[in-house]
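Structure first, commentary second.
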Amino acid sequence: MNQNSGVQVSGAQTPRIRTAPPGSLAGLTCGLPDPVGVDEPSPRLSWDARLPEAATVTVSAGGHEVWRASVPAGSHVVDVPGERLDPLMPYTWSVGGYATGAFTTGLRGGWKAPWLAGDPRAAVSLRGSFTWRPGRVWLAATALGVYRALLNGVRLGEEELAPGWTDYGHRTRYRLLELTGLLTPGENELKLWLAPGWYAGHVAGGGPRRYGDRPAASAQVLVRDDDGVRRVFATDAAWTRRDLGRPRADLVMGETVHAPSQPAGAASEVPAQEVPAQEVPAQEIVVPEIVVEADPAPPVRVIGTVPAVSVTEPVPGVQVADFGRNVVGRVRLRVDAPGPVRIVVRHGEELTATGRLYTDNLRTADQRDEFLLGPGSHVVEPAFTLHGFRYAEVTGWPGALTPDDLEAVLLSSALAVTGSLTVSDPAVRQLVANIGASADGNLVSVPTDCPQRDERAGWTADISVFGSTLSFLRHTQAFLSGWVTTLIDGQRADGAVPHVAPVLPEYGYDSPVWSDALVEVPWLLWRRYGDDRTLRRAYDPMRRWADYCLAQAEGGIRPGRALGDWLAPGTVETPKSLIATAALARSLRLVAHVADVLGEPHAPEYGEAFTHVSGAFQRAFLSGPKLHTETQTGYAVALAWDLVPPEDRIASAQALADLVRAGGHRLMTGFVGTPLLLPVLSETGHHDLACRIFNQEGYPSWRYQLRAGATTMWERWDAWHHRHGLQTPAMNSFNHYAYGCVGDWLFRHVAGLGDDPRGTGGGFGELLLRPGPVPLLREAHARYDSASGTVESGWRAGPGGVQFTFAVPEGVSARAVLPVRGAWDGMTVNGTFLMGLSEQLPATRLADGGCALNLPPGRWSFTAPAAATAHLLQEWDDLGRR
Ligand code: BGC
């Protein structure tokens, strides 16, 4: 128990966030909450708090304990030795005898079932039947393509686009679906609907059949009874195959859905239904030897629906529904067809000046669904496609379309929500909502750049720069850890790392920052979740990458590579070799940290390499504190990644500040500089300038896109320009999360909730709570369900001063830095004067006059009088005027 947690503050209340007993623990996971199908050799159990005292963790099966271990105070994970576990066994586990979780092991062995071929363009239905068995019964299913499983005509589970997108040359993933209780006595019919998906359909603008000519599916039914586990049924040549009535089923291009006529009143619920079609024997095919493993990540599923808000008819017969916001998914129609109808729905993010659907920015992505319906009432929806859209253009509709006739069905990998930001300014609230919407829409099996044009690839820099924000808002561990495996699968033998994962070689390798995601993302997972396993898995690959870059560097300078500060506005370009060298230094330093964390001997080697490269950086790009080519991004990377000699840091930050002022407080940064610029300004004593940039409403800025009505994050600052309209059709997504990276600044530097950026520990156990009020916002509050418990930080400004509030979980160290000035010992803490607490809560005056203190676990409220916050209020008056 933390001794300091007993601070006695007379008359004050310090309610705790987490207290013993551990019965209050939440967030119990084994990768995911209660997962079914765990193939990890030693499954990791975790809970989202530090244990206040040592506790016993037990794992049981069928009421019998199979393993127990004592875990020390402060821990939040434990690994179960794999040799204690059987395949396909439901286990329960508990911490301290209170909190309980569950997991079911996967096959824990090679995949044995044969593969059945599908169609390269259409969706097919594969069918087989088997006899009821006693015991617990599971279906294990997978595909090279996308599938849905149905038992006796009823869809199993909620997963969409299963099994998702992996580097199919190396692996695909299976999911376990429990059939116990769903089977009927006698014969049971199993169906697999199979469509081309990423495997054989269009992917990333490169045309169809990228991985193989024909999609394939494979499934097995396994029974556990008193004798153990047996495979009782599997896909084989005795299965049949028939068309599903979906002759086009492409993720990018769209889908064609047939539905036969319906008797009045009996609405056809496609996709539960198949059209009559001839049945032929299924064809068994041999697929290359690849890993088939249990999917460690949450399934893609429907996360909600959005009603249409209006319908227009820009030209007769062409009706356009507006869903009011940009979404990712597909459209569900409710149609009363008087006779046979052919309805075509096209999807787009914007409208042209004449109110027609704007499709120029989709490149070759057709995003067109067709519905060929017989007379009667139908509820129809595609099953194997995905669109990015706000508008749906409908032709062939029988009569006048109304908003009630259609809704958008949203798909996402549905990561659990872990964080929230509450702010007083409605525009910033909209910004936070937009960041969340772009996150959800671009997390569909892999983290993608965009959902609408024909690209939709797992761009590495995008997730690298957005990862920290995302990991506040959503629980990313299982999802991103699975993606790191895919990224490693794509690494070349010489160490080069691709720009996209799953790898698409034509998109290239080696770009600084992009390829450095192989270091950055596992490091993020370590810092947030204490995930040393992903670090371990990525360790050799990241060393190979670092060595590869070092070998390319000349005298420590890495040659400039293709992408640079991607999509930066302005005319002065940050030298690409500056970015390349800085990114190499950053990765070298992280690899050294990783070596330390893992107890590997290479930390000195990479530490020295960092010193060598940063020295070369200084000689090549800096003249004293100033960059030869002064750009915001140049200064941001140099300062953020410690490439400026310590004695020049203040002057370099000043040079950046001067540059920002000279540029009229407008950001000039692209993908590399944007995540760093505001944090660097706030960290180096120029928070006021960070705020000015953030509050900027002119182009380019976040508020500019909000003023233009954005409902998701734009790819480019000028996606729409007040003078030039919609920009650069070939590269203009309205749903791109990269610039949502500003969320990290809002959490850490505005609300003040973060881990210590100088720390290297894992699992969010060392907090730095450093609120930074922003003019125009009168209050901001962040909450984060971290791996170490729930953390809160925020502030509220009133005429009498500013109130700062914090919540610190048990077992976590927290340093709070308050931006007060002058006589701040007049502050109260939970109702008591701070000056009276000098022993229990010693506070330090910082060089800038601010107040720093170590906060014990508990809930804290500091009220700083107007005298101590006058400078903030002054800044508000000053900066609030735009
Ligand atoms: C993607 C980006 C990506 C970039 C790099 C674009 O087409 O949409 O987000 O990072 O290419 O070249």
Side-chain angles (χ1 to χ4, degrees), residues 165 202-207 251-252 326 328 349-350 360-365 367 386-388 434-435 438-439 441-444 446-470 480 483 486-487 490 496-518 520-521 560-569 573-574 576 579-580 583 633 637 669-676 700 705 710 712-719 726-742:
W165 189 12
H202 286 81
V203 168
L251 273 171
V252 176
N326 209 3
V328 178
E349 294 186 296
E350 293 291 322
D360 293 0
N361 68 333
L362 305 180
R363 309 213 285 227
T364 63
Q367 298 214 114
L386 192 70
H387 308 304
N434 292 2
I435 295 171
S438 280
N442 279 296
L443 304 175
V444 178
V446 300
T448 60
D449 56 337
C450 58
Q452 71 300 90
R453 65 173 177 243
D454 60 8
E455 195 157 1
R456 310 176 181 194
W459 277 98
T460 43
D462 302 43
I463 188 60
S464 201
V465 302
F466 182 55
S468 185
T469 300
L470 175 64
L480 288 182
W483 178 77
T486 302
L487 181 57
V497 177
H499 294 166
V500 295
V503 61
L504 304 166
E506 71 274 25
Y507 278 104
Y509 292 80
D510 279 4
S511 209
V513 179
W514 272 255
S515 301
D516 290 293
L518 178 60
E520 204 73 52
V521 175
R561 292 275 169 181
L563 300 171
D565 192 20
W566 185 250
L567 296 182
E573 193 187 352
T574 306
K576 285 182 177 159
I579 292 174
T633 292
V637 297
T669 50
F671 273 36
V672 174
T674 302
L676 306 175
Q705 52 185 275
T712 40
M713 301 305 299
W714 292 356
E715 172 176 25
R716 42 192 316 136
W717 297 114
D718 64 350
L726 296 168
Q727 290 302 290
T728 328
M731 183 68 70
N732 195 13
S733 147
F734 286 83
N735 197 354
H736 231 76
Y737 53 49
Y739 290 151
C741 58
V742 70

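Start at 1 and go down the list; that is how both ligands and their atoms are numbered. This structure is a prediction, so every number in the text was calculated from the model and none was measured. In what follows, residues are counted from 1 in the order of the sequence shown.
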- Note on the structure: ligand 1 atoms nearer than 4.0 angstrom to some heavy atom of Glu715 are 8 (O)

- So which bit of Glu455 gets within less than 4.0 Å of ligand 1, heavy atoms only: side chain, backbone, both or neither? side chain

- Mark up the atoms of ligand 1 that fall under 4.0 Å of a heavy atom belonging to Arg453, in ascending order. 1 (C), 6 (C), 7 (O), 8 (O)

- Task: For Met731, take its heavy atoms, then give the atoms of ligand 1 lying under 4.0 Å from any of them.
- Result: 6 (C), 7 (O)

- Task: Look at the aromatic rings of Trp514 and Trp566 and report parallel, tilted or perpendicular, splitting at 30° and 60°.
- Result: perpendicular

- Could you check atom 3 (C) of ligand 1 against the protein and tell me its nearest heavy-atom contact, residue, atom and distance included? Trp459 CD2, 3.4 Å

- For Trp483 against Ala501, the heavy-atom pair lying closest together: NE1-O, 2.9 Å

- Enumerated ligand 1 atoms positioned under 4.0 Å from heavy atoms of Asp462: 2 (C), 3 (C), 9 (O), 10 (O)

- Task: State, to 0.1 Å, how close Phe671 and Val465 come at their nearest heavy-atom pair, and which atoms those are.
- Result: O-CG1, 3.5 Å

- Item | Given Glu349, Gln452, Glu350, the one that forms side chain to side chain donor-acceptor pair (under 3.5 Å) with Asn326 | Glu349

- Report, in ascending order of atom number, the atoms of ligand 1 lying under 4.0 Å from any heavy atom of Phe671. 9 (O), 10 (O)

- Between Tyr739 and the options Phe734, Trp717, Trp714, the ring-ring contact (aromatic ring centres under 6.0 Å, His included) test singles out Trp717

- For atom 1 (C) of ligand 1, what is the nearest protein heavy atom, given as residue, atom name and distance? Asp449 OD2, 3.3 Å

- Query: Is it the case that Asn732 and Gln727 place a side-chain donor and acceptor less than 3.5 Å from each other?
  - Reply: no

- For Trp514, take its heavy atoms, then give the atoms of ligand 1 lying under 4.0 Å from any of them. 3 (C), 5 (C), 10 (O)

- Of the protein's non-hydrogen atoms, which lies at the shortest distance from atom 12 (O) of ligand 1, and what is that distance? Leu563 CD2, 3.2 Å

- Item | Between CD1 on residue Ile463 and SG on residue Cys741, distance to nearest 0.5 Å | 11.5 Å

